[in-house]
Amino acid sequence: MDQTILLAFGLTLMAGLATGIGSMLAFFTSTTNKKFLSLALGFSAGVMIYVSMVEIFSKAKSALVDAMGNHLGNWMTVAGFFAGMVLIALIDKFIPKSSNPHEIKTVEEMNSPAHDMELLKMGTFTALAIGIHNFPEGIATFTSALQDPKLGIAIAVAIAIHNIPEGIAVSVPVYFATGDKKRAFKLSFLSGLAEPIGALVAYFLLMPFLNDIMFGFIFAAVAGIMVFISLDELLPAAKKYDESHMSIYGVVSGMVVMAISLLLFI
């Protein structure tokens with residue numbers, strides 16, 4: 001197998017399994033560092049927004065314009081961008097609100113475990129919701145890394161950061177309901193496997209048909225998915241963890257780091 005494909009899959013696996021890091025943080029720390037989480041989530045959003053609008057969108061546009069001509073290529077790029085937003089919005093719409101994977105959870109909630117079947121059900125559904133939600137993120141990371149490995153690394157790191165609180169969101173209710181750390185960690189870990197599964201689907205179903213037009217459209221959709229995730233999930237979560245300016249400092253820092261890396265390395 002081509003080394004680029006192996007790298008793309010490895011990056012997707014790393015990003016997905018970051019939910020397990022969130023789960024471990026919940027078990028091995030006594031308090032939630034809310035300022036750090038706010039900064040990290042804002043940083044992740046800044047990376048995603050900047051790289052989507054500056055790099056991914058432009059690469060999608062270039063591929064589609066070359067393949068379809070200036071007028072149709074530009075229209076197809078915009079269509080792909082908003083198609084990505086619609087896809088992730090539909091996934092969010094069909095996830096029950098009580099199982100929202102981005103509902104803020106803190107480590108402190110784990111200090112008094114109590115048996116509660118409703119909480120166990122909520123944690124299980126949250127794991128399922130995260131799995132469904134992470135599936136297109138896996139496709140996004142994989143296809144980005146295939147096109148440009150350095151770009152794929154930046155995206156994988158950003159997605160991994162945003163998956164850490166998702167791991168907490170699964171672990172807290174499951175542990176609170178059962179008192180079983182292993183069960184909570186296993187569910188959190190399994191929810192992250194949806195991202196490498198998304199990569200496998202992209203490899204086996206999309207790769208055989210991956211021409212310039214399909215690549216350009218998928219890449220434009222990836223940009224839309226990442227911008228939607230940043231605006232709908234990461235920034236609101238960052239603000240909830242810390243209501244000061246920490247989240248916007250994170251956004252700006254993420255954009256600066258991404259901009260410099262694009263200038264120096266990509």
Side-chain angles (χ1 to χ4, degrees), residues 1-21 44-45 47-64 77 80-81 83-88 90-91 101 129-164 166-167 189-230 233-234 258 261-262 265-266:
M1 189 179 287
D2 185 274
Q3 282 190 339
T4 303
I5 293 173
L6 286 174
L7 175 64
F9 184 76
L11 288 171
T12 308
L13 183 65
M14 178 207 77
L17 297 187
T19 53
I21 296 173
S44 180
V47 167
M48 285 190 180
I49 292 169
Y50 191 91
V51 78
S52 294
M53 301 308 299
V54 173
E55 188 72 9
I56 297 177
F57 189 90
S58 64
K59 286 193 173 187
K61 179 180 173 182
S62 177
L64 288 168
T77 306
F81 180 78
M85 287 190 165
V86 169
L87 172 65
I88 202 74
L90 287 173
I91 289 172
I130 288 172
I132 294 168
H133 203 274
N134 285 358
F135 184 79
E137 292 177 14
I139 296 175
T141 307
F142 183 76
T143 54
S144 300
L146 279 183
Q147 164 64 17
D148 188 332
K150 291 176 182 176
L151 185 64
I153 290 170
I155 292 170
V157 170
I159 289 179
I161 290 170
H162 117 267
N163 279 350
I164 291 172
E166 292 184 352
F189 183 83
L190 288 174
S191 68
L193 289 179
E195 292 204 15
I197 290 172
L200 288 173
V201 168
Y203 178 73
F204 287 111
L205 296 184
L206 299 180
M207 285 282 287
F209 309 100
L210 202 61
N211 55 28
D212 285 345
I213 293 175
M214 179 172 279
F215 162 75
F217 189 84
I218 291 172
F219 226 43
V222 164
I225 288 170
M226 290 175 61
V227 170
F228 188 95
I229 288 169
S230 299
E233 300 164 13
L234 298 184
M258 196 66 246
S261 69
L262 285 171
F265 305 115
I266 296 178

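Pairing each heavy atom of Ala63 with each of Gly216, the nearest pair is CB-CA, 4.2 Å. When every heavy atom of Ala220 is checked against every heavy atom of Ala60, the shortest pair comes out as N-CB, 3.5 Å. Taking all atoms of both residues into account, the shortest heavy-atom contact from Phe135 to Gly198 is CE1-CA, 3.5 Å. Residues Gly84 and Ile225 come closest through the heavy atom pair O-CG1, 3.4 Å. Here the shortest heavy-atom pairing between Phe9 and Pro196 reads CE1-O, 3.5 Å.
Looking at heavy atoms from C-beta onward, Val157 lies out of side-chain contact with Val47 at the 4.5 angstrom threshold. Looking at Phe57 and Ser52, their side chains never come closer than 4.5 Å, going by heavy atoms from C-beta outward. Side-chain contact between Phe219 and Thr77 is absent, with no heavy-atom pair separated by less than 4.5 Å. Phe215 places none of its side-chain heavy atoms less than 4.5 Å from the side chain of Thr143.
Annotation: the span from Ser144 atom OG to Ile153 atom CD1 amounts to 12.0 Å, rounded to 0.5 Å. Once rounded to the nearest 0.5 Å, the distance linking OG1 of Thr12 with CG of Leu17 reads 10.5 Å. In this structure, Asp212 CG and Leu64 CG are separated by 8.5 Å, a value rounded to the nearest 0.5 Å. Rounding to the nearest 0.5 Å gives a distance of 11.0 Å between CZ of Phe81 and CE of Met226. The CG atom of Leu6 sits 11.0 Å away from the CG atom of Leu11 when rounded to the nearest 0.5 Å. In this structure, the separation between CD on Glu55 and CD on Gln147 is 9.0 Å, given to the nearest 0.5 Å.
Counting only distance, with no hydrogens or angles, the side chain of Ser62 and the backbone of Ser58 share no donor-acceptor pair below 3.5 Å. In this structure a side-chain-to-backbone donor-acceptor pair under 3.5 Å is missing from Thr19 to Gly167.
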Subject >> Check against side chain to side chain contact (heavy atoms under 4.5 Å, CB included), Ile159 and Glu195 >> reply: CA-CA 10 Å; Ile159 289 179; Glu195 292 204 15; 3.5 Å; yes
**OP:** Begin with the C-alpha distance, continue with both residues' side-chain angles, and end with the deciding distance and a verdict on side chain to side chain contact (heavy atoms under 4.5 Å, CB included) for Phe228 and Val86.
**Re:** CA-CA 9 Å; Phe228 188 95; Val86 169; over 6 Å; no
**OP:** Check step by step if side chain to side chain contact (heavy atoms under 4.5 Å, CB included) holds for Ile56 and Ile155.
**Re:** CA-CA 10 Å; Ile56 297 177; Ile155 292 170; 3.5 Å; yes
